[in-house]
**Q** 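Can you keep this structure in mind? I'll have questions shortly.
Computed from a prediction, not measured in an experiment: that's the story for all the values here. Order of appearance sets the numbers: ligands from 1, and atoms from 1 within every ligand.
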Amino acid sequence: MRVFVLGGTGSIGSAVVRQLVARRHEVLGLARSDASAAKLGEFGATAIASNIAFPEPWIRELAGIDAVIQAAYDFSTDMAAIERRLLDALLPALARQANKPRFIYTGGCWLFGATGDEVATEEMPFNPLSAFAWMVPHLQRVLAAPGIDDIVIHPAMVYAPRGGVFHPFAREACERDAVRVVDSEAVRWPLVHGEDLADLYALALERAPAGSSYIGSAIEGFPVGHIARAFAKRFDRFHQDPRIISTDVIAAELGEWARGYALDQRLSGAKAQRELGWKPKHLDPESEIATLA
Ligand SMILES: NC(=O)c1ccc[n+]([C@@H]2O[C@H](COP(=O)([O-])OP(=O)(O)OC[C@H]3O[C@@H](n4cnc5c(N)ncnc54)[C@H](OP(=O)(O)O)[C@@H]3O)[C@@H](O)[C@H]2O)c1
């Protein structure tokens, strides 16, 4: 398939681009800088220089495209307004194509709120973190859009051994006297390794029924204290006890969106496993941290 990826250099998008190229799809990616264009080239994708905030020029390049994947996000701007404008231009343009292209929209685990011991599935009503509440009408709009095959994927917290949501732990284990944890060590995060999530995007692209939503969670809920302690141990920190910080501190440092780090969640990826044959391989993050080079 000929697939256009928005955000193909990000945590999620870069794994998705590499996976699609490996599966012999033809991948094009939007690049807002020379560095992003170079990265896409290294992955084997063709870079189109432009910006999601100005969609009209590059949407013209989409004639004959089989699918578009939206995984672009700018945490420093008014992403709600940027994405609204993007959907205003993109959805009608895709619907005008004769081949009914696929559109995969990236939602997220923080749209389900704090679930506590309940395990959230795709059937659970949304209870979004307020910084992401605008995403719910956007994904509902995508799912209702005529003339496209629409799919929504809700990734769990995406990690790589040193990257994604593990990156701050790895950095603090090297640079600070203790690793910081927001709110409590007992907070559970649903987790998925970037490569496993990329498999799910590829399966959804190739075989998901139109109108489907999938939660991309490989580990339902993993205590964040275990992650922090595994990094402190791996990097021989004198203080292996994490330093607990409040949600106000992390929100002041990174933005309101960062309050999501305190959500205690359990999310199930069973639907994707059952319907798409998704088989996540990375199920032991502590071992991956322990064996980091
Ligand atoms: N990571 C997670 O754990 C996680 C979990 C659940 C849901 N999500 C959702 O998944 C989506 C992607 O998250 P992520 O973690 O992969 O983000 P990320 O690592 O910050 O990557 C964002 C991507 O968007 C691109 N981008 C940002 N602004 C752009 C613009 N104006 N024009 C063109 N490209 C632009 C970036 O390109 P540059 O290379 O130029 O910066 C980058 O490729 C978000 O909606 C997020 O809420 C993420």
**Q** Tell me every residue that passes salt bridge (charged side-chain N to carboxylate O under 4.0 Å, His left out) with Glu56, counting only those two or more places apart in sequence or in another chain.
**A** Arg85
**Q** Within the protein, flag every N or O under 3.5 Å from an N or O of ligand 1, and note the pair and distance.
**A**
residue: ligand 1; atom: 3 (O); partner: Val158; partner atom: N; Å: 2.8
residue: ligand 1; atom: 16 (O); partner: Ser11; partner atom: N; Å: 3.3
residue: ligand 1; atom: 16 (O); partner: Ile12; partner atom: N; Å: 3.0
residue: ligand 1; atom: 19 (O); partner: Ser11; partner atom: N; Å: 2.8
residue: ligand 1; atom: 24 (O); partner: Tyr73; partner atom: N; Å: 3.1
residue: ligand 1; atom: 28 (N); partner: Arg32; partner atom: NH1; Å: 3.3
residue: ligand 1; atom: 31 (N); partner: Asn51; partner atom: OD1; Å: 2.7
residue: ligand 1; atom: 32 (N); partner: Asn51; partner atom: OD1; Å: 3.3
residue: ligand 1; atom: 32 (N); partner: Ile52; partner atom: N; Å: 3.0
residue: ligand 1; atom: 37 (O); partner: Thr9; partner atom: OG1; Å: 3.3
residue: ligand 1; atom: 39 (O); partner: Thr9; partner atom: OG1; Å: 2.4
residue: ligand 1; atom: 39 (O); partner: Ser36; partner atom: OG; Å: 2.9
residue: ligand 1; atom: 40 (O); partner: Arg32; partner atom: NE; Å: 2.8
residue: ligand 1; atom: 40 (O); partner: Ser36; partner atom: OG; Å: 3.0
residue: ligand 1; atom: 41 (O); partner: Arg32; partner atom: NH2; Å: 2.9
residue: ligand 1; atom: 43 (O); partner: Gly7; partner atom: O; Å: 3.3
residue: ligand 1; atom: 43 (O); partner: Thr9; partner atom: N; Å: 3.3
residue: ligand 1; atom: 43 (O); partner: Thr9; partner atom: OG1; Å: 2.6
residue: ligand 1; atom: 43 (O); partner: Gly10; partner atom: N; Å: 3.0

**Q** Is a salt bridge present between Asp199 and Arg23, judged by a nitrogen-to-oxygen distance below 4.0 Å?
**A** yes
**Q** So Phe75 and Trp257, would you call those rings parallel, tilted or perpendicular, with 30° and 60° as cut-offs?
**A** tilted
**Q** Consider ring pair (Phe, Tyr, Trp, His ring centres under 6.0 Å). Of Tyr261, Phe166, Phe222, Trp110, which one does Trp189 pass it with?
**A** Tyr261
**Q** Aromatic contact between His154 and Phe112, with the criterion being ring centroids under 6.0 Å apart: yes or no?
**A** yes
**Q** With distance as the sole test, does Arg102 use its side chain to make a donor-acceptor pair with the main-chain N or O of Leu205 at under 3.5 Å?
**A** yes
